[in-house]
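For reference, the structure discussed in these notes is given below.
Side chains included, hydrogens not; waters and symmetry mates left out as well; all remaining heavy atoms used.
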Amino acid sequence: MALKGTVVYKGISIADTHCVVDRANHDCNYSKDIDDNVVKTLSAYFMVKFYKDAATYAATPALHYDQKEFKFTPSVANGVNLNIIKQAYAAMKALAAYDDFTDV
């Protein structure tokens with residue numbers, strides 16, 4: 001899976017950018033609030049690498065022109081796809097800069 005769209009990188013518009021989640025991880029932390037109630041906090045981080053196009057990624061996966069790390073709150077609700085990679089792509093598409101990107 002990947003996303004495809006136009007990215008502006010250092011002032012240059014790059015159409016057909018191939019965006020690949022390179023790694024994703026999620027954490028669950030417990031803490032106590034002011035009333036001594038236990039609070040569960042979920043967080044996920046993922047790294048996206050940006051390639052000129054799908055052919056560049058297929059030929060030389062180490063040849064990305066940019067990478068960015070993102071954070072989101074993963075869902076563990078019933079009926080939700082619990083695959084953290086798929087949730088990472090959905091979180092990226094929820095950002096204004098990538099909301100018009102398509103799945104490839």
Side-chain angles (χ1 to χ4, degrees):
M1 181 172 191
L3 296 180
K4 177 181 170 182
T6 300
V7 170
V8 177
Y9 177 71
K10 296 187 177 184
I12 300 169
S13 183
I14 304 171
D16 297 331
T17 293
H18 194 72
C19 308
V20 179
V21 172
D22 184 60
R23 110 182 133 224
N25 57 37
H26 49 93
D27 298 315
C28 176
N29 294 305
Y30 294 92
S31 60
K32 292 193 175 185
D33 65 12
I34 196 164
D35 297 323
D36 210 30
N37 298 313
V38 175
V39 177
K40 179 179 177 180
T41 305
L42 299 174
S43 60
Y45 300 87
F46 62 100
M47 173 72 69
V48 176
K49 291 189 176 178
F50 297 86
Y51 298 85
K52 178 183 164 284
D53 52 31
T56 301
Y57 171 68
T60 52
L63 193 58
H64 57 283
Y65 68 84
D66 196 13
Q67 66 184 29
K68 294 183 180 179
E69 188 172 51
F70 300 93
K71 179 183 177 183
F72 71 102
T73 302
S75 177
V76 293
N78 290 334
V80 171
N81 187 332
L82 298 178
N83 182 322
I84 195 64
I85 301 293
K86 288 184 179 184
Q87 286 193 37
Y89 281 114
M92 186 174 174
K93 287 175 62 174
L95 300 171
Y98 308 103
D99 63 356
D100 61 343
F101 280 41
T102 56
D103 296 336
V104 290

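Counting all heavy atoms, side chain and backbone alike, Asn83 lies closest to Ile85 at OD1-N, 2.8 Å. What you find for Pro61 and Tyr51 is that their closest heavy atoms are O-OH, 2.5 Å. Looking at every heavy atom in both residues, Leu82 comes nearest to Ala77 through CD2-O, 4.3 Å. The shortest heavy-atom contact between Ala91 and Phe46 is CB-CE2, 4.2 Å. Shortest non-hydrogen contact noted between Ala44 and Pro74 is N-CD, 3.7 Å.
Looking at residues two or more places apart in sequence or on another chain, you find no side-chain hydrogen bond (donor to acceptor under 3.5 Å, both in side chains) involving Thr73.
Criterion: ILVMFWY side-chain heavy atoms under 4.5 Å apart, direct or through other members. Under it, Ile84 and Leu42 are not part of a common hydrophobic cluster. Taken together through direct or relayed side-chain contacts under 4.5 Å among Ile, Leu, Val, Met, Phe, Trp and Tyr, Val20 and Val104 form parts of separate hydrophobic clusters.
Among pairs with a residue in residues 29-41, those fulfilling salt bridge (charged side-chain N to carboxylate O under 4.0 Å, His left out) read Lys32-Asp36, at least two apart in sequence or across chains.
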Test log, rule side-chain contact (heavy atoms from CB on, under 4.5 Å), inputs Lys68 and Phe50: CA-CA 8 Å; Lys68 294 183 180 179; Phe50 297 86; 3.9 Å; yes
side-chain contact (heavy atoms from CB on, under 4.5 Å) assessment of Phe101 paired with Val7: CA-CA 10 Å; Phe101 280 41; Val7 170; 3.7 Å; yes
Residue pair Lys71, Tyr45: steps toward the side-chain contact (heavy atoms from CB on, under 4.5 Å) verdict: CA-CA 4 Å; Lys71 179 183 177 183; Tyr45 300 87; 3.6 Å; yes
side-chain contact (heavy atoms from CB on, under 4.5 Å) between His64 and His18, intermediate numbers included: CA-CA 9 Å; His64 57 283; His18 194 72; over 6 Å; no
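Across Asp99, Leu3, Asp100, Thr102, a single residue satisfies side chain to side chain contact (heavy atoms under 4.5 Å, CB included) together with Lys93, and that is Leu3. Partner of Thr17 under the side chain to side chain donor-acceptor pair (under 3.5 Å) criterion, out of Tyr98, Tyr9, Tyr65: Tyr65 alone.
Residues Arg23 and Lys49 have side chains not in contact (no heavy-atom distance under 4.5 Å, counting atoms from C-beta outward).
For the atom pair Phe70 CZ and Met92 CE, the distance stands at 5.0 Å (nearest 0.5 Å). Atoms NE2 and OG, on His26 and Ser43 in that order, are 10.0 Å from each other to the nearest 0.5 Å. Between atom OH of residue Tyr57 and atom CG of residue Leu63 there is a gap of 13.0 Å, rounded to the nearest 0.5 Å.
Between the side chain of Tyr89 and the main chain of Val21, a donor-acceptor pair closer than 3.5 Å is present. Gln67 places no side-chain N or O within donor-acceptor distance of the main-chain N or O of Met47, the cut-off being under 3.5 Å.
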